[in-house]
Structure formats: C-alpha cells, structure tokens
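What follows is a short report on a single structure.
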Amino acid sequence: MNIISELKCHRPLSVCTNDWIVFQLGLFFLPSSAFISGLLFLKSCLTNSFQNQNRYFNDPWNIPFFLAGVLMIIGSIGSFSGWLAWIGLSNWLPFFWLFWACQPFLSTSQARKRSALCLLFGSFPVVVTGIGQLYLGWQGPWELFNGLIIWFLAPGGEPYGRLSGLFDYANIAGAWLALIWPIALAAFLEQNLSFRRRSVAFSFALGVIFALLLTDSRNAWGGLVLAIPFVLGPFSWPWLLPLLLLILMPVFMAVLPWFGSDLQLWARTFVPESL
C-alpha cells in the first residue's frame, strides 16, 4: 500500500479526502518545520471551515475564546510595546480558531489515533538529531528542499551538554518529548500488534525516554512520570502510584527541607546533583 492510499484511511465522513491527507501531513511536519506545517494546516482547516456543519458559536467553548480574543485585540490598541503587541497576537488568535477548525478531523476515535501517530512519526527527527548532536558531533544548519526546511543544530546542545535537537533550547525539546511520550507508550501497549511492530514501538519509546532524560529538563522529567498512570489507566493505580511514590521519595527527601538535614544528606547521595 503506497503512502497516499494509507493517508486516505480512517477519514472522518465530514472531511473531504484531500483535506484529510493535508491535515495529517501538517501534523507530521509540525516538529520539523513549523512553516510547512502551518501552510498545510492553513490549507486544510481553512477549506474545511467553510464546510464545517457545526457553526462557530454553536460550541459553547468557543464563546470564552472569542471574548478573550476581542479583549486581547482591544488591549493591543495603544499598547506600550507597539507593533510587537500585534505580532504577539499571532501566538494566540490562530489557536482559538484551530480549536474549532480541527474538530472535524478528530471526530472519530480512529481519526484521533491516526493523528496521534502522525505526531509520533514526525518526532523521529527530533530524537535522532538530538542524540546525534550530543554523541556524534552533529551540527547545522542542515537544509532540505532548497532551504525550505532548515535545521539549526547547536553542537553539543543548547545550552551545551543538554539535548535540544531541532529546537532552540533544551527545555522546549523536553516539552515536546514529554508531549509525545504518552503517545509512544500507548503505541507500545497497543493490543494485537505483531512482534515486529511492537519491537519498533518499544525501540522508539525507549528512544523518546533516552532523549527526554538528556534534555536535563526537570519539567520534562516530571511529565515522563506523570504520564504513566494516565496511559495505563485506573486499574493500575493501586500498585503503580505507590510504586512511583516510593521511587520518587529520595528526590522529595533530597530537595524538600521537611525531612531534616540527616535524611536530606543521605538522600542526596542517591539523587543526581542536577536535580
């Protein structure tokens, strides 16, 4: 089965085939090229917005987003930061629209699963370039498609010694990896997978964990732990939550002053100094 035929699968009935293909490609390119991904999202969502049977104000969640957008525009008028305030609106207003425009593409469980896998597959360059950046001395810029995609790889990471991959800073890379980690874990736990596919899913999930730890981002490390009970589900909580608490107890004892100096010094012999 070729790629185009595969991308046509699991299309929601309310979405045309071309828009569904373009939307999936937008998700795939999101971590590696925000420019290409933005153009693909604009094409698919803009076209589908005119065909969306669920009008914008029919969804009550869109009302506070709309009011917030109006207040943000009013607040930008006469702002001390001038034109920078209007540029800053681009960080917010498009997402208020995308919240509604993307809903038809995610209206079925199969479509949501396919969309999550597109994000996961598109994150492969983040993991590979990040590890190559730290251990193989890779550095950019790398150009693809005559400069349409440019990857700026800082030698040794940014800051040095911390994995940043395709992103400008290690904490941003850690945030992205923490976002896709639950998807990678769920893909590995998927039922009825062949041995070959489960091996691939396991290898990639392991790569995500390794890359996430190398970002040296404590927020990302927290996301790594917190995602596990949500993915495994409530049936695992009676044994998983106490186990996680037991594993994290030395960290709490090392960083919180409530346990006394003796216990804190003992815990710090086990906990890495970077924490």
Side-chain angles (χ1 to χ4, degrees), residues 2-4 6-7 20-45 87-88 90-91 94-95 98 102 114-185 187-188 197 199-221 223-224 274:
N2 59 45
I3 296 178
I4 299 299
E6 179 64 26
L7 289 175
W20 174 235
I21 294 175
V22 173
F23 179 78
Q24 292 176 87
L25 292 175
L27 291 173
F28 178 81
F29 282 106
L30 185 59
S32 57
S33 175
F35 175 72
I36 293 179
S37 177
L39 290 179
L40 293 171
F41 278 136
L42 184 63
K43 192 277 174 190
S44 59
C45 293
I87 294 179
S90 63
N91 291 325
F95 293 103
L98 284 172
C102 289
R114 172 59 66 88
S115 300
L117 289 177
C118 288
L119 287 175
L120 189 62
F121 295 151
S123 301
F124 183 75
V126 178
V127 176
V128 173
T129 56
I131 294 176
Q133 173 188 59
L134 292 185
Y135 294 104
L136 301 177
W138 292 356
Q139 56 181 303
W142 293 354
E143 294 187 6
L144 299 173
F145 309 122
N146 293 324
L148 191 60
I149 298 178
I150 302 178
W151 291 346
F152 295 96
L153 289 179
E158 180 61 41
Y160 187 81
R162 297 174 58 184
L163 183 146
S164 56
L166 304 180
F167 297 96
D168 294 333
Y169 197 76
N171 285 346
I172 303 176
W176 180 263
L177 292 169
L179 172 70
I180 67 165
W181 156 239
I183 304 175
L185 178 59
F188 168 66
R197 291 191 174 187
S199 299
V200 172
F202 174 76
S203 300
F204 190 65
L206 202 62
V208 171
I209 295 175
F210 186 54
L212 190 150
L213 293 175
L214 290 176
T215 63
D216 204 19
S217 168
R218 285 167 288 184
N219 286 334
W221 292 352
L224 174 67
S274 59

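Numbers for residues simply follow the sequence, beginning at 1.
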Using 0.5 Å steps for rounding, measure from the [atom1] atom of [X] to the [atom2] atom of [Y].
{"X": "L25", "Y": "F41", "atom1": "CG", "atom2": "CZ", "value": "10.0 Å"}
{"X": "C118", "Y": "L27", "atom1": "SG", "atom2": "CG", "value": "5.5 Å"}
{"X": "L98", "Y": "F95", "atom1": "CG", "atom2": "CZ", "value": "7.0 Å"}
{"X": "L179", "Y": "L119", "atom1": "CG", "atom2": "CG", "value": "7.0 Å"}
{"X": "E143", "Y": "F152", "atom1": "CD", "atom2": "CZ", "value": "8.0 Å"}
{"X": "I21", "Y": "L40", "atom1": "CD1", "atom2": "CG", "value": "12.0 Å"}

Walk me through it: do I131 and L134 pass the test side-chain contact (heavy atoms from CB on, under 4.5 Å)? CA-CA 5 Å; I131 294 176; L134 292 185; over 6 Å; no
Between [X] (side chain only) and [Y] (backbone N and O only), is there a donor and an acceptor less than 3.5 Å apart?
{"X": "Q139", "Y": "A154", "value": "no"}
{"X": "S44", "Y": "V22", "value": "no"}
{"X": "R162", "Y": "G157", "value": "no"}

Sole candidate of L212, V208, L214 that passes side-chain contact (heavy atoms from CB on, under 4.5 Å) when paired with F210: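 Single pass found, and it is L214.
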L166 pairs by side-chain contact (heavy atoms from CB on, under 4.5 Å) with which of S123, P125, P31, S33? P125
Set out, in order, the CA-CA distance, both residues' side-chain angles and the distance that settles side-chain hydrogen bond (donor to acceptor under 3.5 Å, both in side chains) for S164 and Q133, then state yes or no. CA-CA 8 Å; S164 56; Q133 173 188 59; 3.2 Å; yes
If you compare all heavy atoms of I172 against all heavy atoms of F167, which two are closest, and at what distance to 0.1 Å? CG2-CD2, 3.7 Å
For the student: nearest non-hydrogen atoms of T129 and G165, plus distance: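 Taking T129 first and G165 second, the nearest heavy atoms are OG1-CA, 4.0 Å.
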Under the ring-ring contact (aromatic ring centres under 6.0 Å, His included) rule, collect the residues that match up with W138, sequence neighbours excluded.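 ring-ring contact (aromatic ring centres under 6.0 Å, His included) check on W138 returns W142.
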Taking ring-ring contact (aromatic ring centres under 6.0 Å, His included) as the test, write out the residues that go with F28, two or more places apart. none
Stepwise side-chain hydrogen bond (donor to acceptor under 3.5 Å, both in side chains) test for S32 and W151: CA-CA 8 Å; S32 57; W151 291 346; 4.9 Å; no
May I have the step-by-step check of side-chain contact (heavy atoms from CB on, under 4.5 Å) for C102 and F23, ending in yes or no? CA-CA 9 Å; C102 289; F23 179 78; 3.8 Å; yes
Go through the steps to decide whether L120 and F204 satisfy the test side-chain contact (heavy atoms from CB on, under 4.5 Å), and finish with yes or no. CA-CA 9 Å; L120 189 62; F204 190 65; 3.3 Å; yes
Before giving the answer on side-chain contact (heavy atoms from CB on, under 4.5 Å), spell out for R114 and W20 the whole-Å C-alpha distance, their side-chain angles and the decisive distance to 0.1 Å. CA-CA 11 Å; R114 172 59 66 88; W20 174 235; 3.9 Å; yes
Beyond-backbone contact of L177 with V126, side-chain heavy atoms, under 4.5 angstrom: yes
